[in-house]
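Okay, so here's the structure we're looking at.
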Amino acid sequence: MPERPLSPHLTVYRWTYAMTLSILHRLSGIALCLALIGLIVWLSAAAAGPAAYAAAMSVLASLPFKALIAIALLALCFHFANGLRHLAWDIGWGYERAQARRSAVLVVAAALVAHESAHAPRTRARLWRCP
Amino acid sequence: MSLRTPLGRVLGYGAAHDGVTKWLQQRVTAIALAPLSVWLVLALLGLPTRDYAAVTAWIALGLHPVLLALIVLLALWHAWLGIEVVIEDYEARAGLRSLWLLLCAFALALLAASGIYAVLRIALRSGA
């Protein structure tokens with residue numbers, strides 16, 4: 001197969017907000033794929049019976065997994081908010097540079113607020129209560 | 001009028017013209033997943049306890065099995081569309097690219113079957 005034309009590499013361009021959010025959208029999407037595997041393993045453990053479920057919950061209650069769940073929740077909040085931004089672009093809204101910058105800041109703020117409120121003390125107490 | 005030469009057409013160069021379908025599927029699954037994911041996270045955060053009896057009862061309750069099955073399928077579909085693009089972007093070697101795509105497709109199919117089976121098993125056991 002002959003060589004095809006190649007678009008310029010990333011390093012050619014000045015780094016921008018849009019590029020940061022774009023790569024974060026990919027990273028959070030990949031993180032959510034792993035979280036989805038976790039959800040399906042958790043459902044499968046619940047389907048397999050009380051012993052398998054207890055084993056799965058003791059793994060989930062360990063510190064590294066608590067941190068992973070917190071990261072997955074943050075990834076979901078970000079991917080959700082930035083996904084809405086992408087849908088807004090799809091209907092033709094927000095392409096001006098100032099608008100795109102404002103929506104970028106809004107997305108990061110909304111993701112952090114949503115993640116923080118999910119981790120509010122009362123919720124957190126309920127979230128980590130284990131059987 | 002097409003500007004492509006007969007030779008170019010025969011060699012299969014140019015766009016495959018199925019990109020819009022996947023683009024649209026990605027948006028439709030995103031729109032469907034937005035309310036479903038909010039429901040799932042709020043419901044899981046709101047469960048009073050997370051012991052076996054409470055969780056399986058919640059999974060089997062009313063339309064929950066349907067919603068959970070939808071989340072599993074739509075999220076895996078949405079994930080596939082994303083993973084596919086990531087692999088195509090970063091794996092330049094055609095053989096390896098096909099291998100990764102094949103492995104991911106098999107893994108996602110296995111996850112879909114496992115997820116649906118788990119939800120059905122819990123729902124039918126509790127409901128019967």
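Numbered from 1 within each chain, the chains take letters A, B, ... in sequence-line order. Being a predicted model, the structure only gives us computed values, none of them experimental. Values reported hereafter were calculated over all heavy atoms of this structure, with side chains retained and with hydrogens, waters and symmetry mates removed.
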Hydrophobic clustering (ILVMFWY, side-chain heavy atoms < 4.5 Å, transitive) - are [Y] and [X] grouped together?
X        : Y        : result
B:Leu67  : B:Ile59  : yes
B:Val72  : B:Leu44  : yes
B:Val38  : A:Val107 : no
A:Leu112 : A:Val105 : no
B:Leu103 : A:Leu34  : yes

Contact part of [X] toward chain B, heavy-atom cut-off under 4.5 Å: side chain, backbone, both or neither?
X       : result
A:Leu39 : side chain
A:Leu87 : side chain
A:Leu76 : side chain

Evaluate the criterion side-chain contact (heavy atoms from CB on, under 4.5 Å) for residue pair B:Val55 and A:Trp42; output intermediate values, then yes/no. CA-CA 11 Å; B:Val55 164; A:Trp42 182 71; 3.6 Å; yes

What is the minimum heavy-atom distance between A:Ala118 and B:Leu45, and which atoms define it?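 Minimum heavy-atom separation between A:Ala118 and B:Leu45: CB-CD1, 3.9 Å.
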
Answer yes or no: is there a side-chain heavy-atom contact under 4.5 Å between [X] and [Y]?
X        : Y       : result
A:Ile30  : B:Ile83 : no
A:Arg26  : B:Val85 : yes
B:Thr56  : A:Tyr53 : no
B:Tyr117 : A:Ile40 : no

Taking everything shown except B:Leu63 itself, do over 12 heavy atoms lie less than 6.0 Å from its CG?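 No, not enclosed.
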
How about A:Tyr95: does its OH atom have over 12 heavy atoms from other parts shown lying under 6.0 Å from it?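 Check passes, neighbour count above 12.
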
Which one of B:Val41, B:Asp89, B:Leu120 has the most heavy-atom pairs closer than 4.5 Å to chain A?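 Looking at each option in turn, the highest pair count goes to B:Asp89.
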
Option in B:Ala34, B:Ala53, B:Ser114 with maximal non-hydrogen atom pairs under 4.5 Å from chain A: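 It is B:Ala34.
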
Partner chain B: residue of A:Ser44, A:Ala45, A:Gly29 with the largest heavy-atom pair count (under 4.5 Å):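 Of the options given, most contacts go to A:Ser44.
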
Proximal component of B:Leu42, with respect to chain A [non-hydrogen, under 4.5 Å]: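 The answer is neither part of B:Leu42.
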
Nearest 0.5 Å, what's the [atom1]-[atom2] distance between [X] and [Y]?
X        : Y       : atom1 : atom2 : result
B:Arg121 : A:Leu43 : CZ    : CG    : 12.5 Å
B:His78  : A:His79 : NE2   : NE2   : 4.5 Å
A:Asp90  : B:Arg27 : CG    : CZ    : 4.0 Å

Of the options B:Leu76, B:Leu108, B:Leu111, which is the one that meets A:Leu36 in a side-chain contact (heavy atoms from CB on, under 4.5 Å)?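 Exactly one candidate clears the test, B:Leu76.
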
